[in-house]
Amino acid sequence: MHILHFSPHLAPGGTAQMAADFACALQRTEQCTNTVLSPANELVSRIRLCGAEHRICRKPSLFNAFAEMQRLLRIIRKESPHILQVYSPQAAAIAWWACRKLPDHHKPLCVGVLSAFPQSGFITGFWKKCDYFVTISKHLRQHLLKGLLSTRRKNLLLIPYGVNQNQCFPQFCVSADHREQWICAHPEAKNSLTLCIPGAITPLHGLQDLAPILSGLLRMGIPTHAFIAGDSRKADPAFAEELKKRFAEADLSEHISWIGARPDLREVMCECDVTLCLAHSPATHNHTILEALALGRPVAAYDHGAVGELLEAFLPEGRVAPQDTTAMVDTLSQWHTYRPSTISAIPYPYRLADSADSLLRLYSSITGHE
């Protein structure tokens with residue numbers, strides 16, 4: 001069976017790299033061959049290293065949509081994929097236009113992978129042109145069943161976007177060199193309850209809740225230090241200044257380190273005692289929180305959306321009522337005294353290998369190929 005992954009917005013990080021991860025995981029099963037059609041970036045070498053093929057396309061726009069449709073049509077005619085898997089509404093639109101040129105017996109079945117809430121608009125409607133749909137969280141599936149795909153219930157499947165079990169697993173250990181460098185770089189956090197807060201620096205991600213949380217822990221006599229792991233260069237300057245002012249007024253500046261976006265975030269989460277997710281809006285997916293949980297790290301987060309689903313599977317005691325900073329302080333203070341028990345193995349279906357197995361079952365059921 002041959003799978004063509006069409007991802008014109010493929011990029012490293014989060015769900016933007018899902019096509020590369022799925023293609024590589026499927027290729028490793030040796031039950032299908034995979035081609036990824038995407039712009040060139042650092043993920044291409046990983047795709048080719050796992051044995052999958054890569055073809056170059058451009059990000060779609062009004063000016064190149066017809067050319068990209070022709071490009072896709074040529075590849076379909078040449079490779080005759082059984083499945084055409086698309087990862088954005090723009091890809092779904094181009095795929096529909098391209099496949100209109102083919103006779104029915106040469107058309108691949110189109111599977112749309114939805115990872116975020118569809119935005120209203122003409123292009124979003126092309127999601128409905130797919131034959132089958134995959135959604136990566138229960139929260140997103142429920143949203144789609146009430147809205148865009150309310151009439152396609154039987155064709156909408158839940159397949160979580162799992163974590164790469166070769167990179168994030170409970171037995172992972174930080175190297176002695178990294179630990180020594182971390183301790184030397186952050187002596188101010190010595191003997192403190194350390195908190196890692198990864199993610200974008202925006203109001204939706206709830207960093208404004210950090211001040212009452214830290215203040216509450218310090219009033220209880222718990223020395224605490226927070227590491228904000230987000231790219232401050234991409235933050236709204238006014239919001240970042242407001243946060244710093246709020247921290248300074250609460251006399252918390254010395255208890256907070258802004259460490260920026262980190263290539264070693266996996267190690268940072270392991271160095272810290274707890275990873276926090278303070279997002280005010282329910283998310284459709286949070287791969288960083290999934291990685292922290294897969295590493296066997298304690299995670300405390302507001303209990304909504306996909307993050308609530310992850311905590312239910314990995315660490316139920318980490319669930320906190322949304323925006324209840326008092327309850328968050330209570331949870332963290334308990335964990336300071338008694339560290340929670342975390343996983344010894346990643347639960348099904350949250351490994352990337354589980355995602356590949358579920359996709360293979362889907363392909364087999366709709367094509368008749370074993």
Side-chain angles (χ1 to χ4, degrees), residues 1-10 18-19 22-23 25-27 29-38 47 52-62 64-115 118 121-136 141 144-145 147-159 355-370:
M1 191 175 355
H2 183 52
I3 317 300
L4 175 58
H5 303 260
F6 181 30
S7 182
H9 296 92
L10 183 75
M18 187 159 43
F22 279 178
L26 287 163
Q27 191 72 24
T29 68
E30 299 183 354
Q31 295 185 48
C32 62
T33 58
N34 295 266
T35 298
V36 178
L37 178 60
S38 77
I47 291 168
E53 297 291 331
H54 182 265
R55 305 284 182 268
I56 292 176
C57 72
R58 295 176 294 173
K59 290 183 180 180
S61 69
L62 289 174
N64 66 18
F66 180 77
E68 293 307 303
M69 183 269 287
Q70 291 291 105
R71 185 200 307 272
L72 177 60
L73 181 58
R74 288 194 299 270
I75 292 174
I76 293 173
R77 283 173 170 163
K78 181 180 179 181
E79 299 193 5
S80 299
H82 299 93
I83 299 290
L84 172 57
Q85 193 149 291
V86 297
Y87 293 82
S88 69
Q90 294 86 352
I94 292 173
W96 181 72
W97 281 101
C99 290
R100 289 180 70 206
K101 305 281 187 179
L102 295 168
D104 288 344
H105 61 284
H106 282 165
K107 289 181 182 178
L109 286 169
C110 186
V111 175
V113 180
L114 292 87
S115 58
F122 171 73
I123 290 295
T124 297
F126 280 95
W127 274 128
K128 296 181 181 180
K129 303 293 185 181
C130 297
D131 299 299
Y132 293 87
F133 312 90
V134 167
T135 181
I136 62 174
R141 186 175 189 273
L144 293 169
L145 287 175
L148 181 69
L149 301 179
S150 58
T151 61
R152 305 293 299 278
R153 178 180 297 269
K154 292 181 180 179
N155 294 49
L156 177 59
L157 291 90
L158 170 62
I159 298 178
S355 304
D357 289 343
S358 295
L359 286 168
L360 283 172
R361 285 196 297 272
L362 169 62
Y363 303 154
S364 297
S365 69
I366 63 180
T367 65
H369 287 77
E370 294 297 331

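Only heavy atoms go into these numbers, but all of them, side chains included; no hydrogens, no water, no symmetry mates.
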Discussion item. One pair to check against side-chain contact (heavy atoms from CB on, under 4.5 Å): L109 and L84. What are the steps and the verdict?
Written reply: CA-CA 6 Å; L109 286 169; L84 172 57; over 6 Å; no
Worksheet entry | Residue pairs fulfilling salt bridge (charged side-chain N to carboxylate O under 4.0 Å, His left out) with at least one residue in residues 73-84, sequence neighbours excluded |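 Every pair satisfying salt bridge (charged side-chain N to carboxylate O under 4.0 Å, His left out) with a residue in residues 73-84: R55-E79.
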Practice prompt. Return each pair, listed once, that meets salt bridge (charged side-chain N to carboxylate O under 4.0 Å, His left out) where at least one residue sits in residues 89-107; pairs must be two or more places apart or across chains.
Written response: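 Checked against salt bridge (charged side-chain N to carboxylate O under 4.0 Å, His left out) - neighbours excluded - the pairs reaching residues 89-107 are D104-K107.
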Discussion item. The test is side chain to side chain donor-acceptor pair (under 3.5 Å); show your working for T33 and H2 and say whether it passes.
Written reply: CA-CA 5 Å; T33 58; H2 183 52; 2.8 Å; yes
Worksheet entry | Residues which pass side-chain contact (heavy atoms from CB on, under 4.5 Å) with S61, listed by chain and number, not counting sequence neighbours |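 Partners of S61 under the side-chain contact (heavy atoms from CB on, under 4.5 Å) test: F63, N64.
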Discussion item. Is there a side chain to side chain donor-acceptor pair (under 3.5 Å) between H9 and Y87? Walk through the geometry before answering.
Written reply: CA-CA 8 Å; H9 296 92; Y87 293 82; over 6 Å; no
Taking the side chain as C-beta and beyond, is there a heavy-atom pair between [X] and [Y] under 4.5 Å?
X    : Y    : answer
L114 : V134 : no
Q31  : S364 : no
I56  : L37  : no
S150 : L145 : no
P60  : Q90  : yes
P108 : L102 : yes
L72  : L4   : yes
I136 : I159 : no

Between [Y] and [X], do the side chains contain a donor N or O and an acceptor N or O under 3.5 Å apart?
X    : Y    : result
S358 : R361 : yes
Y363 : Q85  : yes
H5   : T35  : no

Worksheet item: Taking only residues two or more places apart in sequence, or in another chain, which ones meet W96 in a ring-ring contact (aromatic ring centres under 6.0 Å, His included)?
Response: F126
Rounded to the nearest 0.5 Å, what separation is found between the [atom1] atom of [X] and the [atom2] atom of [Y]?
X    : Y    : atom1 : atom2 : value
L26  : N34  : CG    : CG    : 5.0 Å
W127 : L149 : CH2   : CG    : 9.5 Å
I83  : M1   : CD1   : CE    : 7.0 Å
I3   : Q27  : CD1   : CD    : 10.0 Å
R58  : E68  : CZ    : CD    : 5.0 Å

Worksheet item: In chain order, what residues pass the salt bridge (charged side-chain N to carboxylate O under 4.0 Å, His left out) check against K128, with sequence neighbours excluded?
Response: none
Discussion item. Apply side-chain contact (heavy atoms from CB on, under 4.5 Å) to residues L360 and L362 and explain how you reach the verdict.
Written reply: CA-CA 5 Å; L360 283 172; L362 169 62; over 6 Å; no
Distance-minimising heavy-atom pair for [X] and [Y]:
X   : Y    : result
P81 : I76  : CD-O, 3.6 Å
M18 : S115 : CE-CB, 3.7 Å
F6  : C57  : CE1-SG, 4.0 Å

Worksheet item: When you measure from the side chain of R152 to the backbone N and O of F133, does any donor-acceptor pair fall under 3.5 Å?
Response: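 Side chain of R152 to backbone of F133: no pair is present.
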Worksheet item: Can you tell me if R141 uses its side chain to pair, donor with acceptor, with the backbone of L156 under 3.5 Å?
Response: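 Yes; judged by distance alone, with no hydrogens or angles, the pair exists.
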Fill in: S7: partners by side-chain hydrogen bond (donor to acceptor under 3.5 Å, both in side chains), with sequence neighbours left out
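Residues passing side-chain hydrogen bond (donor to acceptor under 3.5 Å, both in side chains) with S7: none at all.
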Discussion item. If you apply the rule side-chain contact (heavy atoms from CB on, under 4.5 Å), what do you find for I366 with N155, and how did you get there?
Written reply: CA-CA 10 Å; I366 63 180; N155 294 49; over 6 Å; no
Worksheet item: Could you go step by step and tell me if S38 and H54 meet the side-chain contact (heavy atoms from CB on, under 4.5 Å) rule?
Response: CA-CA 8 Å; S38 77; H54 182 265; 2.8 Å; yes
